[in-house]
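Working notes for the structure below.
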Amino acid sequence: MNQAPPKGINPESIAKHFDPGAAESRWSAYWDAHKFFRSTPDDREPYTVVIPPPNVTGVLHMGHMLNNSLQDVLVRKARMEGYNTCWVPGTDHASIATEAKVVQKLRAEGIKKSDLSRDEFMERAWEWTHEHGGVILQQLKTLGASCDWDRTRFTMDEALSEAVIETFVKLYEDGYIYRGMRMVHWDPVAQTALSDEEVIYKEQQGHLYHVRYAFADDPTSTLTIATTRPETIMADVAIAIHPDDPRAATWVGKQVHVPLTDRTIPVIADEYVDPEFGTGCLKITPAHDPNDYEIGQRHDLPILDIISATGHIVLEGSPFDGLDRFEARKAVAAALEDEGVLEKTEELVNQVGTSERTGVVIEPRLSLQWFCRMEEFAKPAIEAVKKGDIRFHPAKFENTYFHWMENIRDWCISRQLWWGHRIPAWNVKGDTESMFVARTAEEALAKAQASHPRGGSLTLGDLQQDEDVLDTWFSSWLWPMSVFDGVTKPDNEDITYYYPTQHLVTAPEILFFWVARMIMAGYYFRGEAPFKDVVLHGIVRDKKRQKMSKSLGNSPDPLELIAQFGADGTRFGMIFSTPSGNDILFDEALCEQGRNFANKLWNAFRFLMLKRPSGGDGAVAEGAVADGADAASEISTGAASPAIQLDLEPISLVDRYMLERLRQTVKNTHQAFQDARLNDALHEIYTLLWDDYCDWYIEVLKPADVEASIEPAQWSRAMGTFEAMIRLLHPFMPFITEELWHTMQERVEGESLTVAAFPTLNEVGEPSEAHVIGDFGRVQGLITFIRNTRASLGLSPKHPLEVTIQAADADSESFWGHQKPLIEKLGHECTLTAAIDAAKPDASRSTLVGDERCFIPLEGLIDVDAEVSRLQKEIQRLEGFQKGIQKKLENPKFVASAPEEVVAKERKKLEDSTQSLDAYRTMLDELHA
RNA sequence: GGGCGCAUAGCUCAGUUGGUUUAGAGCACCUGCCUUACAAGCAGGGGGUCGGGGGUUCGAAUCCCUCUGCGCCCACCA
């Protein structure tokens, strides 16, 4: 069992800097040992998140860091709020990506994929998966991800594969899945069809070849077409021209001779042709271009296929036979040149589709593929977002979503790969037209025996399973259900308890691949959305806005970042600078800021521990904060210390200020979480801790006597506030907060901040004392003036000063009277006199604090001219300001049409500024005098 | 080509239904400090008129139009 740090820690032994390494491994082990992240259904309300499964053989990159940091924050907060929190981790088999890696590895061993049988290949792939699989999940633990590791799933686990098969069969039986000849995006290297989403269009410098075709009836007259792909000329079946093209009248219906062949083809009219582009004549090759294919269908043209699956020309007897498509392009162009039919070659920049995985140019190819009809699924999925059952953060992505969903196309789900879920369809050998979709071969056999002409004589040996596997996303779209076995056992305890999940955190890149499809699957199979909130974060880029990638080598190693700045510091860096939905421009300096913040926290704590009073029970009588502690108290190991308690009814100004700020922060933090603005939430807490707590509160708490500890009740309050802030921060920086929480007082084995209560307004109370912020603001204003006076005159921070305030009234006089000790402490070596009739000292620097005049005599130190111009500048500013207001108020239309309160506000502004102006003018006069 | 969105300090971003003293934060920058936790720190300071133009309005960074620049999504022209 892993132990919390030693009890009764000696404050003197607390290091000056926080050491993340040791703390992180200690607390990871502690959390693991106590199974704080384990979830099983119970009476509590569930809070569920499913991880976007990373590729099984992938390694952690910055995108994962961001994605999982955000999820962990949401999950940890929910856990602290008492939900039965379940974050399901897992990995994706990533069919194309993984198969490509395996093929690559085999190649390195001198083995071609084609040398292996399917079974042999699968064996190698599984070996690879077991060897590299799940490394990424281990890396996520380093980051602090609080997943229920016992629930780790893999999309090719037996149960999840079963879900995929079940889904396919059901969709086939319901009439959504069909097989058809389609023009698909073909990857000649991976030798598989790709979905639209897997094609990336890149701008490329190409050529537009102008080629003359001679008319069959009169070889002396020709027409000229323009093409970027001369190698497909041999597959031409027609020439198309726009029906409104003046040439159409004479040409349409005629035959032209196809260069380099002995074939003639017709000239046809089709509106698809753009008369403005190229020559206005388009050669039609239905086998090698999607648009040509459609035109071919419309005009009932034949299909000539001359390019193989590997991208080579197949044309027996032709000199081009066997050439690669790009070699063929050059060869054909040269041949056309020789024939004298190549009129000219133009430079042309065009968009070329490339494979997301292999990067090669896509070849449009006709092939038999499996498709899934999507239109009907889209309807409830659109509705869900429109009604707000599913919310996108930020909401701007809803537009993109609607646009795609309203124009959804059928999904090509088959892939010509081996690594993945094999399509559960069998045909009778020798009869490729037959097709039996079933869960198992046996079931398929039964179906075949029932309906195939060969009937009962068929055996398993007569059946042959479809060679293709399913698109990876065909398993991913079931993920929120399949991780709970909700597809195969729709009524099991887990799925009914955990589904629907809460937040889905992912990148907008896969909004269509994954998010939209999960929504559709969710409604189709369970009639319910798979999640309620979709949090979309940006891409991690470098400072030059380039996407971080292995190939660019601009991505830091996440594990090294963690080693250098700590998991907490790294998480902070990622989250703090991620405006929701925008890309993050990553810089190590961000993690450094995180580490610094962790250290700041550590030292605030160290201060409190060094100043911890010995003994006491926290019930010591109230004392003025600034009075300091009485005797130098001893800090001894194991001594009883005051209770750590959040005081909700503090007396002193600074304590009330701190409490009010805590309340505001709790409120704002909850609001930010509502809107999934995690960076804002962290910002709030950061400011509270650093600015309010460290820079002001702790400064006030410092006992006058250097050796003294803090008065027990005060210490109790201070630590109580600190503890509440640590709880607020824990979801963001889990390790250091857990470390502090255990060190501040004795905790029982098994206690953990991970399951402590996240602060709520119910606990700390609504912000209710705005005036306290204002009052403390006056103190801050005065202190700043004192510091500024010294700094601007180059005086030592301890140069003695006498500060005089001409109090506006008796209340104010009494206010400053109360705050005198505070001012004199924070002001260092200064004395404060505040009275209604306070006399103005000679040769002094002056300012307004609120609306009261304040003086600091600086005989011989100030430059009167500089003071004069300082005051004049301020007077000018105020005059300009007043001018604007007066202009408004003198405008009858403004007074007439603006709401009364706005006018009143302007009048008040004028009044206040007049007062200030008068005060400054008086100060200026006095300076001259 | 169609759609969506963005242009606010050197950088990254806030700025809620147009009206809290002529715009805020973090980082960076400049100056001075090893001051009873923290130099991974403390204190102080400079810096923008809200991309350009026009309009609506008593009043616009905030609404409308337009121009310019940028980003994203979809479709993809041979």
Side-chain angles (χ1 to χ4, degrees), chain A residues 14 16-18 196 201 208 225-229 240 272-274 276-279 281-285 289-292 348 350-351 353 396-404 407 508-509 511-512 543 545 565 569 576-577 579 582-585 587 589-590 592-593 595-611 677 679-680 683 686-687 694-695 698-699 702-708 784 787-792 794-798 828 877-878 880-885 887-888 891-899 901-903 905-906 908-910 912-913 916:
Chain A
I14 299 175
K16 277 177 94 169
H17 297 304
F18 173 57
D196 295 343
Y201 288 90
L208 190 59
I225 59 93
T227 180
T228 53
R229 301 200 60 191
Y272 171 77
V273 183
D274 175 3
E276 303 299 318
F277 187 88
T279 63
C281 296
L282 176 64
K283 72 186 202 64
I284 305 297
T285 53
D289 183 280
N291 294 304
D292 290 10
L348 177 78
N350 59 348
Q351 299 281 96
K396 66 178 178 184
F397 287 107
E398 288 174 7
N399 280 329
T400 319
Y401 173 81
F402 290 135
H403 188 254
W404 191 76
N407 297 288
E509 290 179 296
L511 194 57
F512 309 130
K543 279 180 281 185
R545 283 201 179 270
F565 302 108
F576 194 70
S577 55
N582 285 6
D583 290 351
I584 165 173
L585 269 51
D587 186 330
L590 297 172
E592 200 183 330
Q593 198 188 344
R595 179 201 59 178
N596 294 354
F597 180 50
N599 193 237
K600 186 72 184 172
L601 209 60
W602 180 258
N603 274 288
F605 174 74
R606 182 164 179 257
F607 170 80
L608 289 172
M609 293 305 272
L610 288 170
K611 298 291 179 183
R677 290 177 288 111
N679 60 320
D680 286 347
H683 221 276
Y686 176 84
T687 304
C694 291
D695 289 349
I698 282 186
E699 287 306 315
K702 282 183 178 169
D705 177 354
V706 178
E707 302 292 316
T784 302
R787 286 169 178 168
N788 169 280
T789 299
R790 287 198 183 102
S792 64
L795 301 176
S796 143
K798 284 184 174 168
H828 294 294
R877 193 189 68 84
L878 280 166
F881 174 67
Q882 280 207 333
K883 223 176 183 176
I885 301 171
K887 212 176 120 196
K888 263 190 204 177
N891 182 340
K893 283 187 184 170
F894 170 73
V895 182
S897 39
E901 56 186 83
V902 174
V903 179
K905 224 182 252 173
E906 292 298 316
K908 179 84 168 64
K909 265 158 55 173
L910 187 65
D912 291 352
S913 60
S916 305

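Note: hydrogens, waters and symmetry copies are ignored here, and every other heavy atom, side chains too, is used. Lettering of chains follows the sequences in order, A, B, ..., and the numbering in each one begins at 1.
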Parallel under 30°, tilted from 30 to 60°, perpendicular over 60°: which one fits the rings of F512(A) and W404(A)?
parallel
Respond yes when some side-chain nitrogen or oxygen of [X] is under 4.0 Å from OP1 or OP2 of [N], and no when none is.
{"X": "S792(A)", "N": "rG45(B)", "value": "no"}
{"X": "N596(A)", "N": "rG41(B)", "value": "yes"}
{"X": "N291(A)", "N": "rA78(B)", "value": "no"}

Which part of the nucleic acid, if any, lies within reach of [X] when heavy atoms closer than 4.0 Å are counted: base, sugar-phosphate only, or nothing?
{"X": "L585(A)", "answer": "sugar-phosphate"}
{"X": "D912(A)", "answer": "nothing"}
{"X": "K16(A)", "answer": "sugar-phosphate"}
{"X": "I698(A)", "answer": "base"}
{"X": "T228(A)", "answer": "sugar-phosphate"}
{"X": "V273(A)", "answer": "base"}
{"X": "N407(A)", "answer": "nothing"}
{"X": "R545(A)", "answer": "sugar-phosphate"}
{"X": "R787(A)", "answer": "sugar-phosphate"}

Residue among F597(A), F607(A), F18(A) satisfying side chain to side chain contact (heavy atoms under 4.5 Å, CB included) with W602(A):
F18(A)
R595(A) backbone acceptor or donor facing N599(A) side chain under 3.5 Å
no
Expected rows: protein N/O vs nucleotides 22-29 of chain B N/O, under 3.5 Å:
{"unit_1": "rU22(B)", "atom_1": "O4", "unit_2": "R877(A)", "atom_2": "O", "d": "2.5"}
{"unit_1": "rU22(B)", "atom_1": "O4", "unit_2": "F881(A)", "atom_2": "N", "d": "2.9"}
{"unit_1": "rG26(B)", "atom_1": "O2'", "unit_2": "Q593(A)", "atom_2": "NE2", "d": "3.1"}

Report the secondary structure of RNA chain B in dot-bracket form, marking unpaired bases with a dot and bases paired to a different strand with |, and treating Watson-Crick or G-U pairs with both distances under 3.5 Å as paired.
(((((((..((((.....[....)))).(((((.......))))).....(((((..]....))))))))))))....
